[in-house]
Amino acid sequence: MTKKVRVRFAPSPTGPLHIGGVRTALFNYLFAKKHGGDFILRIEDTDQNRYVEGAEQYIIDSLNWCGIPFDEGIGKDGGFGPYRQSERKSLYKKYADDLVESGNAYYAFDTSESLDGHRKDHEEKGKTFIYNWHNRLKLDNSLSLMPEEVKAKLDNGDDYVIRFLTPADETLHLQDLIRGSIKIDTNVLDDKVLFKSDGMPTYHLANIVDDHLMEISHVIRGEEWLPSMALHKQLYDAFGWDAPEFAHLPLIMKPVGKGKLSKRDGEKMGFPVFPLSWNESVGYKESGYFPEAVINFLALLGWNPGTEQELFSLDELVETFSLDRVNKSGARFDPEKTKWYNQHYLQQTIDNELAKLFLPTVKENISDDDKLNLDYVTKVVTLIKERAVFVSDFWNLSDYFFVAPTEYNEKAAKKQWKEDTASIMNDLISVLKPIEDFSSENTESIVKAWIGENELSFGKVMPPLRLFLVGDMKGPHIFDIMAMIGKEESISRIETALNKLG
Ligand code: GLU
């Protein structure tokens, strides 16, 4: 029987979730759903010094907003809880002790001052201090001390940490689902601390114990954790546990230059790096992105479907996703592309929904009148949305549907105002006045007939008419605009423009 797929996203609540973290969560989610498995959220909060208030809730809210909720985690017990490591504190000590007992770990009593001293000494000689096979017997630990001395220190309540005893002269053969096989010489590894003097496990111990107890089948995480894989694999072996499969995702790189995407890149270039706003940093949500767009562009950062397809719904992603199409090399972040995705999802969203999102802006800009209703706003959205990337673009694209222009594009005014413009437009007013059915089609056919009968050119009528109604040369079909704002308003705008420009 093959093991049930169970994956976990295991962030530390040290701040807001970066968009790279959301990508890690997404790949875990897709992999779980694809294989009918479980997606677990575990909060790795063993480092109390780095704990940030509100970060945990932020992580949960972000996953929910993105539409990739966890199946199991805080508030959703699947029988493997608690899901916060701080609440599991009491269970880790036993595992650290087991490793000491089996000879895979040892007590180290070195004070931080003495370790700092060693580090300094090494630095002065241009070397790096690593606590491992070549010096551990010269340091203050249960391998170098006599058993009685160790016992005395422990009985005395001296501070100690528990370190992993990395074997010397071995070659580890690691397997990564994305990177293939990796060989590591154990002599370059240090004896990592597994258990701290404050009674808390380190990330390494807690992570392995929890992945084991929570029956995690696949560890899918960012490339920055690749160097930890050697220790993790050794810990599984030392405990005599089957290790999960590992997959280390490529980094998300800066839009330009070298290195990984950072908060500063976003600040410099003006794009969000967090899913939701956090303090001064505006999130994707608050910038007007649709979660579907965010998910879609994140999926293609480091993964490719093997075809030209770029647009995927979440269901399609679940169906198509596979770890063997995740690239080894870093994925460059392209802020323009994120907008392209948003534009697509905006066009897909039904107009009535968009109108609901737009209505508050309309309210802010106009005093309460008959245009302030969902029906009218929906019709406006239908006419202008084609050019929008965000709902926040709507007002600039559509203000003239709600308020008469007070200014006219100067260049256009110069170009459109001719000797006979005033008389033509005055005639047009008399054509419009008697029209009873002011629908776009009817008005259009009457105006066009009038142009034909009087041997006027379209160029003499339509461009100035647009300028007068809109204040600029932009906007959809002019008769649609007239039908929307109505006969009286259309005539009044023409009159105003004649007065102002004449
Ligand atoms: N707590 C680690 C983090 O903050 C988890 C790494 C892992 O997935 O093993 O990303």
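As the structure lists them, so they are numbered: ligands from 1, and atoms in each ligand from 1. As the structure is a prediction and not an experimental result, all values here were calculated from the model. Here, residue 1 is the first one in the sequence, and each next residue gets the next number.
Considering Lys33, Lys4, Arg6 in turn, Lys33 is the only one that fulfils the salt bridge (Lys or Arg N to Asp or Glu O under 4.0 Å) rule with Asp71. For the side chain to side chain donor-acceptor pair (under 3.5 Å) with Tyr131, the qualifying choice from Asp191, Thr166, Asn141 is Asn141, the only one to do so.
Residue contacts with ligand 1, taken as heavy atom pairs separated by less than 4.0 Å, do not involve Phe9 at all.
The shortest separation from a heavy atom of Glu224 to ligand 1 is not under 4.0 Å, leaving the residue out of contact.
Less than 4.0 angstrom separates some heavy atom of Glu44 from each of these atoms of ligand 1: 1 (N), 2 (C), 5 (C). Atoms of ligand 1 lying under 4.0 Å from at least one heavy atom of Asn207, given by number and element, are 7 (C), 9 (O). Set against the non-hydrogen atoms of Tyr203, the atoms of ligand 1 under 4.0 Å away are 2 (C), 5 (C), 6 (C), 7 (C), 9 (O).
For the side-chain hydrogen bond (donor to acceptor under 3.5 Å, both in side chains) condition, the pairs that include at least one residue of residues 384-399, sequence neighbours left out, are Asp351-Lys385.
Considering backbone and side-chain N/O of Ala10, one or more are found under 3.5 Å from N/O of ligand 1.
The structure places OH of Tyr83 at 10.0 Å from CD1 of Ile74, a figure rounded to the nearest 0.5 Å.
Judged as a side-chain contact (heavy atoms from CB on, under 4.5 Å), and not counting sequence neighbours, the contacts of Asp116 are Arg119.
For Phe9 and Tyr29, the distance between ring centers is not under 6.0 angstrom.
Protein heavy atom closest to atom 8 (O) of ligand 1, with residue, atom name and distance, is Arg8 NH1, 2.8 Å.
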